[in-house]
Amino acid sequence: MKTEKIKTARFAALDVLIAVLLLLCVVGVAIRTAIGESGLFRGDNKGTYLVSYTVKAVSSDYNEYFKDGESFFLEDGEKMGTITGQTVSVPTRVYSENSKGELVSNLETDGTVDIKGTVKVKGTMTKSGFLLNSGTYIAPNMTLSVRNSAVSVELIITDIVKAG
């Protein structure tokens, strides 16, 4: 009678390492699939936001181009958003030194104004700023080149809040 030797599987350290890495890859793919675009661990920050802006030192004639309902577009032609509510124009403040070398401020009297208002936009809020639906990143204190049907201006973003 012959005795048969039963072969036993032996695992080397490299085999265990490969198995662990494969398992981690499968878990990573499963988590990424579960998260998707919604951001399972971030919450849903997509929606409509109000972006406050200031346009500095423009002619008072520009007031007519900043009316409720007027749309603004980015340089690439994508729609940024629509002006909502009333805009405010105030004389532009200029700073200069007086005879003592002190910095003083005065209001322009030549018809130059600063225009302040709000644009309703759609996008996603992140920890570091806001992404418009077009993918353009904006944040407070940034300058953004925009245009509407009649003018091109530089908006200085002052605030971004969720529309309520």
Side-chain angles (χ1 to χ4, degrees), residues 24-25 27-164:
L24 288 175
C25 286
V27 169
V29 168
I31 289 175
R32 181 66 182 149
T33 302
I35 291 174
E37 284 188 29
S38 67
L40 183 65
F41 300 113
R42 292 185 282 127
D44 189 10
N45 293 322
K46 288 185 178 182
T48 302
Y49 288 80
L50 299 175
V51 175
S52 299
Y53 66 87
T54 300
V55 179
K56 296 238 180 223
V58 294
S59 170
S60 60
D61 297 337
Y62 276 45
N63 284 327
E64 66 184 81
Y65 305 118
F66 291 86
K67 300 286 186 206
D68 188 24
E70 183 73 36
S71 294
F72 275 109
F73 298 89
L74 302 173
E75 289 179 326
D76 63 2
E78 291 278 339
K79 184 176 179 179
M80 176 193 176
T82 305
I83 293 178
T84 182
Q86 293 291 339
T87 57
V88 176
S89 69
V90 295
T92 300
R93 184 170 298 279
V94 292
Y95 298 91
S96 59
E97 285 188 20
N98 63 14
S99 60
K100 298 177 185 176
E102 301 169 330
L103 193 61
V104 294
S105 71
N106 294 306
L107 298 177
E108 280 287 357
T109 57
D110 65 354
T112 305
V113 296
D114 293 345
I115 299 173
K116 299 177 182 191
T118 306
V119 176
K120 187 182 286 188
V121 301
K122 292 186 180 190
T124 305
M125 183 61 76
T126 66
K127 288 181 182 179
S128 59
F130 183 77
L131 287 174
L132 293 171
N133 273 346
S134 63
T136 302
Y137 170 81
I138 62 173
N141 298 322
M142 278 185 69
T143 301
L144 188 63
S145 296
V146 298
R147 62 180 170 77
N148 65 10
S149 59
V151 295
S152 292
V153 293
E154 300 284 322
L155 295 182
I156 300 170
I157 308 298
T158 57
D159 195 19
I160 303 171
V161 295
K162 182 95 171 162

[atom1] of [X] to [atom2] of [Y]: how many Å apart, nearest 0.5 Å?
{"X": "I83", "Y": "K120", "atom1": "CD1", "atom2": "NZ", "value": "13.0 Å"}
{"X": "L107", "Y": "T112", "atom1": "CG", "atom2": "OG1", "value": "11.5 Å"}
{"X": "T118", "Y": "Y53", "atom1": "OG1", "atom2": "OH", "value": "7.0 Å"}
{"X": "K46", "Y": "M125", "atom1": "NZ", "atom2": "CE", "value": "14.5 Å"}
{"X": "N106", "Y": "T92", "atom1": "CG", "atom2": "OG1", "value": "12.5 Å"}
{"X": "K122", "Y": "L132", "atom1": "NZ", "atom2": "CG", "value": "12.5 Å"}

Around atom CG of D110, are there more than 12 heavy atoms of other residues, nucleotides or ligands at under 6.0 Å?
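It does: D110 CG has more than 12 such atoms within range.
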
Give a yes or no on this: more than 12 heavy atoms of other residues, nucleotides or ligands lie within 6.0 Å of atom CD of Q86.
no

Looking only at heavy atoms, what is the nearest atom pair of [X] and [Y], with distance?
{"X": "G47", "Y": "K162", "value": "CA-NZ, 3.8 Å"}
{"X": "S59", "Y": "V113", "value": "O-CG2, 4.0 Å"}
{"X": "P91", "Y": "E108", "value": "CB-O, 3.8 Å"}
{"X": "I160", "Y": "P140", "value": "CD1-CD, 4.2 Å"}
{"X": "E64", "Y": "K67", "value": "O-CG, 3.4 Å"}

Determine, step by step, whether S71 and N148 satisfy the side chain to side chain contact (heavy atoms under 4.5 Å, CB included) criterion, reporting the C-alpha distance in whole Å, the side-chain angles of both residues, the deciding distance to 0.1 Å, and the verdict.
CA-CA 6 Å; S71 294; N148 65 10; over 6 Å; no

State whether the side chain of T126 and the backbone N or O of G129 hold a donor-acceptor pair below 3.5 Å, judged by distance alone.
yes

Any donor-acceptor pair under 3.5 Å from T87 side chain to F66 backbone
yes

Walk me through whether T124 and N45 qualify under side-chain hydrogen bond (donor to acceptor under 3.5 Å, both in side chains).
CA-CA 5 Å; T124 305; N45 293 322; over 6 Å; no

Go through the steps to decide whether M80 and L155 satisfy the test side chain to side chain contact (heavy atoms under 4.5 Å, CB included), and finish with yes or no.
CA-CA 12 Å; M80 176 193 176; L155 295 182; 4.1 Å; yes

What's the verdict on side chain to side chain contact (heavy atoms under 4.5 Å, CB included) for K56 and T54, showing C-alpha distance, side-chain angles and the deciding distance?
CA-CA 6 Å; K56 296 238 180 223; T54 300; 4.1 Å; yes

Please step through side-chain hydrogen bond (donor to acceptor under 3.5 Å, both in side chains) for the pair E75 and S152, ending with a clear verdict.
CA-CA 9 Å; E75 289 179 326; S152 292; over 6 Å; no

Does the pair V151 and Y62 meet the rule for a side chain to side chain contact (heavy atoms under 4.5 Å, CB included), with working shown?
CA-CA 8 Å; V151 295; Y62 276 45; 3.9 Å; yes

Please find out if less than 6.0 Å separates the ring center of Y65 from that of F72.
no

